[in-house]
2 protein chains.
Amino acid sequence: MMKRAAASKKKTRIQAKNEQKILDAALAVFSQFGFRGSTIDQIADHAQLSKPNVLYYFRGKQDIYVRLLQQTLDHWLAPLSELDPDGDPVDQIVKYTMIKLEMSRKNPEASRLFANEMLQGAAMIGDVLKGDLKALVDEKASVIKLWADRGEIAKVDPYHLIFMIWATTQHYADFDTQIRSVLGATYNKDRCFLDAQSTITSILVNGLKVQ
Amino acid sequence: MMKRAAASKKKTRIQAKNEQKILDAALAVFSQFGFRGSTIDQIADHAQLSKPNVLYYFRGKQDIYVRLLQQTLDHWLAPLSELDPDGDPVDQIVKYTMIKLEMSRKNPEASRLFANEMLQGAAMIGDVLKGDLKALVDEKASVIKLWADRGEIAKVDPYHLIFMIWATTQHYADFDTQIRSVLGATYNKDRCFLDAQSTITSILVNGLKVQ
DNA sequence: AATATTATTGACCGTTTGGTCAGGTTTCTA
DNA sequence: TAGAAACCTGACCAAACGGTCAATAATATT
C-alpha cells in the first residue's frame, strides 16, 4: 500500500535494477531527441519494459528527465573542481582539457544530453547553471586569472578560455556525426581522438605560452 | 487548379512572402526543439498563419524542415571556401575564425538548427555532409597541410584545426544559455563577443606560431 | 502456507499531433 | 467585370502521445 514517493524507503532489488534500466534507456533517447522530441514509449521500448511499468517507477516523462539530468550533471562537471591552483598552470589546463576530451569519448551521450538541454533553453537546469556551475566557474576563472596576472600563462580571458575548452572537447561528442562524415570511410575512433588530443594540446600549450 | 508542386511555375507575390514567413518561423522553432520536438502548430502560430494555410505552401513538416536546411546550409558553410591558399596562413585562418564567430552572433538560430540536426544523427543531411561538405573540407585541409609542411604554421592536423574553429565559434550560438548563466547578471552581448574574439585570436595566433 | 507487499500489464482516456478536404474568399488576368 | 486561378479556413480524421487504473502475477515476510 505504501507508495514509493515522498520519504524514500529502502529500495528493493527489482526497483534499483529497473530504475537504472529506465535511466539508461532515457539517456539514449533524450540525448538524441531532447526532452520534447522523446517519448515514453521510446524509453520503454529501449528499456524493454512496458510503458505503464516505466510509469510505475517514475511519475512522468519530466520526472525521468530531471532525475537523469541530476544524476549526470555532477559527474559531468566534476573535473573542473580538480583544477589545482598550486599545480603548474599549463599542465593543469591541459590535463583538464584531456579529461574533458576523454569524457566526450567515453560518454558522448551525456554530452549530447546537455547539449540538447542547452539548445532548448535549459528550462530544467537553468537554476543550476546560474548557481552551482557559475560559482564553480567563477572560482576556477579567478585561479586562471591569477596565473595570467603572474605571467605564468598568456593574458587571456579565463572565462573564454574555459568556454574554448568546453567547446573543443564536447564537439567530439556532440558533432560526432559530422566528424565521421568529414573524416570519411576510413574513420577510426581511436585514431580520431589521438589526433584531436595532440592537435588541441599543441595549440593550447603554444597558445598559452607567455610571449 | 494548377498545384504548385512539380515543375516550379512563377511564384506569386503572396506565395513568396508566405513561404518566407513560414521558413522564418520554422527556423525559430526547429532551432530550439529540433525536428521531432517541433510541431506544425508552433510554426503556424509563429508565422501568424493557420495550420492548413502552412500546409498549403508545404507538403508537410519534413518538407518545411528540409527546405529550411537547404536554404541555410550553403550560407552557413560558405566562408570556408573563401580560405585563400595564396594569402597569409595565420591571417587566413584567423579571418575565417572571426567570420564564423560573427555568424554565430548574427545568426545563432542557424547554428542551433544544425546543432540539433547533428545531435539527432543528421538523418536529413547525412548525404550532404559526406558529399559537398567533406569535399570542401578535404580541399581546405590540404591547403592548411601545405602551410604546415612549408613551415608557415605549426604542424597541426588540419582537420582537427578546422573542428576546433567550428567548435569554438559555434559554441557561442549553441550554448548561449550556458554562457549567459555563467557570465552572470552583468552579461553584455557585445562585450562577450569582443572578449571571445580576442581570446580566440590570441590562442590561435600563438598556437599556430612555428616554434 | 498464508498473507502482505511489490511488480506488471491490457485496456482505456483525454489531448496533441500531422495531415486532409470541401467550400468559401480574395486576387489576378483577359 | 467576369471568370479563372490562387488563397484561406473550419471541421474533421487517424495515429501518437502522456498518463491512469483495475486486475493480475510475482516476490517477500511471517
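Side-chain atoms are counted along with the backbone in the values below, which use heavy atoms only and exclude waters and symmetry mates. Just so we're on the same page: letters track the sequence lines, and every chain starts at 1. The structure presented is a predicted model; accordingly, all values stated were derived computationally and were not measured.
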Side-chain contact, heavy-atom cut-off 4.5 Å: Ile64(A) with Phe35(A)? no
Examine dT9(C): is either OP1 or OP2 under 4.0 Å from a nitrogen or oxygen in the side chain of Asn53(A)? Give yes or no. yes
Please list residues of residues 22-52 of chain B whose heavy atoms come under 4.0 Å from any atom in DNA chain C, ordered by number; otherwise none. Ser38(B), Thr39(B), Ile40(B), Lys51(B), Pro52(B)
Would you check if Lys100(A) and Gln170(A) make a side-chain contact, meaning some heavy-atom pair closer than 4.5 Å? yes
Looking at Gln15(B), does any N or O in its side chain come under 4.0 Å of the phosphate oxygens OP1/OP2 on dC7(D)? yes
Output yes when a side-chain donor or acceptor of Lys140(B) lies under 3.5 Å from a complementary backbone atom of Leu83(B), and no otherwise. yes
Atom pair distance, as rounded to whole Å: CZ in Phe58(A) and C1' in dA7(C): 15 Å
Which pairs, protein N/O on one side and nucleotides 28-30 of chain C N/O on the other, fall under 3.5 Å?
residue	atom	partner	partner atom	Å
dC28(C)	OP1	Arg13(B)	NE	3.3
dC28(C)	OP1	Arg13(B)	NH2	2.6

Under 4.0 Å from OP1 or OP2 of dC8(D): is there any side-chain N or O of Tyr56(B) that close? no
Taking salt bridge (Lys or Arg N to Asp or Glu O under 4.0 Å) as the definition, give me every residue that meets it alongside Arg105(A), ordered by chain and number, with sequence neighbours left out. Glu102(A), Asp190(A)
What integer distance in Å separates Asp63(B):CG from dG18(C):P? 14 Å
Below the 4.0 Å mark, does dT8(C) have OP1 or OP2 next to a side-chain nitrogen or oxygen of Asn18(A)? yes
Indicate yes or no: at least one non-hydrogen side-chain atom of Tyr57(B) is less than 4.5 angstrom from one of Ile14(B). yes
Between Trp147(B) and Pro158(B), is any pair of side-chain heavy atoms under 4.5 Å apart? no
